[in-house]
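Notes follow the structure.
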Amino acid sequence: MITASFLIVILLSVVQLNMISLLNINFAIPIVLIIIAFIILYALALSFWAGQGGSRLEQSADRSNFRPVHDDDKWLLGMIYFNRKDPNLIVEKRFGVGWGLNFGHPVCWLIFLGIIVLLVVV
């Protein structure tokens, strides 16, 4: 996260310096493309190295922070996680890399209601 954040700050700085004419466009475009490519390749390499949810990482002897695997029967259409008994608002995706929401959690519905209200207001 720190590496990607640092590279994004450099990327946006290069774009801003180009906009105020302190950098030549022929110099700025390759830098921008290299930074974007490095961020994407870095994320892909990290995903393949760690595996889904860190499955390829070494397990620690301390199991106090261990969370059980989410119930596979609670996935609707294979993509939507709905489990009222699971206290987690954000759960690991069933397939691929990333996170999703537990639609059985009441806070999830409050988030969606807030988004809808914001869209109606705007």
Side-chain angles (χ1 to χ4, degrees):
M1 290 296 291
I2 293 172
T3 305
S5 299
F6 181 70
L7 288 171
I8 290 172
V9 168
I10 292 173
L11 173 70
L12 295 175
S13 298
V14 168
V15 171
Q16 290 296 320
L17 289 173
N18 181 42
M19 290 178 71
I20 60 174
S21 299
L22 292 178
L23 280 180
N24 186 358
I25 190 74
N26 295 330
F27 180 71
I29 289 178
I31 291 176
V32 168
L33 293 176
I34 289 170
I35 292 173
I36 291 172
F38 185 76
I39 290 172
I40 292 170
L41 292 174
Y42 186 74
L44 286 173
L46 187 61
S47 297
F48 285 114
W49 173 73
Q52 181 178 0
S55 62
R56 294 187 185 132
L57 297 178
E58 188 176 308
Q59 297 290 330
S60 67
D62 179 24
R63 302 295 280 183
S64 62
N65 293 331
F66 178 72
R67 288 188 181 179
V69 176
H70 300 292
D71 190 3
D72 280 341
D73 293 338
K74 301 298 181 180
W75 289 91
L76 305 172
L77 302 174
M79 299 181 299
I80 300 171
Y81 185 71
F82 189 92
N83 188 355
R84 292 178 197 259
K85 294 179 183 178
D86 191 349
N88 297 321
L89 175 64
I90 300 173
V91 295
E92 193 174 339
K93 282 187 178 180
R94 187 175 185 186
F95 299 109
V97 178
W99 298 87
L101 293 174
N102 177 6
F103 286 90
H105 199 287
V107 175
C108 178
W109 294 104
L110 291 175
I111 291 171
F112 278 125
L113 182 64
I115 292 171
I116 290 171
V117 168
L118 182 66
L119 289 172
V120 170
V121 169
V122 171

query = In terms of hydrophobic clustering (I, L, V, M, F, W, Y; side-chain heavy atoms under 4.5 Å; direct or indirect links), are L113 and L119 co-clustered?
reply = no

key: Rounded distance (nearest 0.5 Å) linking atom CG of D86 with atom NE2 of H105   = 8.5 Å

key: Within 6.0 angstrom of F82 CZ, more than 12 heavy atoms from elsewhere   = yes

task = Can you measure from CD1 (I8) to OG1 (T3) and round to the nearest 0.5 angstrom?
result = 11.0 Å

ask   = Going hydrophobic residue to hydrophobic residue with side-chain gaps under 4.5 angstrom, can you get from V120 over to I115?
value = no

task = Can you measure from CG (N88) to SG (C108) and round to the nearest 0.5 angstrom?
result = 12.5 Å

query = Rounded to the nearest 0.5 Å, what separation is found between the CD1 atom of I35 and the OG atom of S13?
reply = 8.5 Å

message = Could you see if Y42 belongs to whatever hydrophobic cluster contains L33? Use Ile, Leu, Val, Met, Phe, Trp, Tyr and a side-chain cutoff under 4.5 Å.
response = no

task = Given side-chain contact (heavy atoms from CB on, under 4.5 Å), test L89 with I111 step by step and report yes or no.
result = CA-CA 11 Å; L89 175 64; I111 291 171; 4.1 Å; yes

task = Verify the cluster assignment for L110 and I80: are they in a single hydrophobic cluster under the rule of side-chain heavy atoms below 4.5 Å apart?
result = no

task = State the CG-CG distance between N102 and N83, to the nearest 0.5 angstrom.
result = 6.0 Å

query = Looking only at heavy atoms, what is the nearest atom pair of F38 and L7, with distance?
reply = CD2-CD1, 3.1 Å

task = Please round to the nearest 0.5 Å and tell me the distance separating atom CD1 of I29 and atom CG of N24.
result = 9.0 Å

ask   = Can you get from M19 to V9 by hopping between Ile, Leu, Val, Met, Phe, Trp and Tyr side chains that sit under 4.5 Å apart?
value = no

request  = List the atom of F103, the atom of W109, and the distance in Å for their closest heavy-atom pair.
outcome  = O-NE1, 2.6 Å

message = Given V32, which partner from the list I10, L12, V14 fulfils the side chain to side chain contact (heavy atoms under 4.5 Å, CB included) test?
response = V14

ask   = Should L101 and V91 count as side-chain neighbours, where that means a heavy-atom distance under 4.5 Å?
value = no

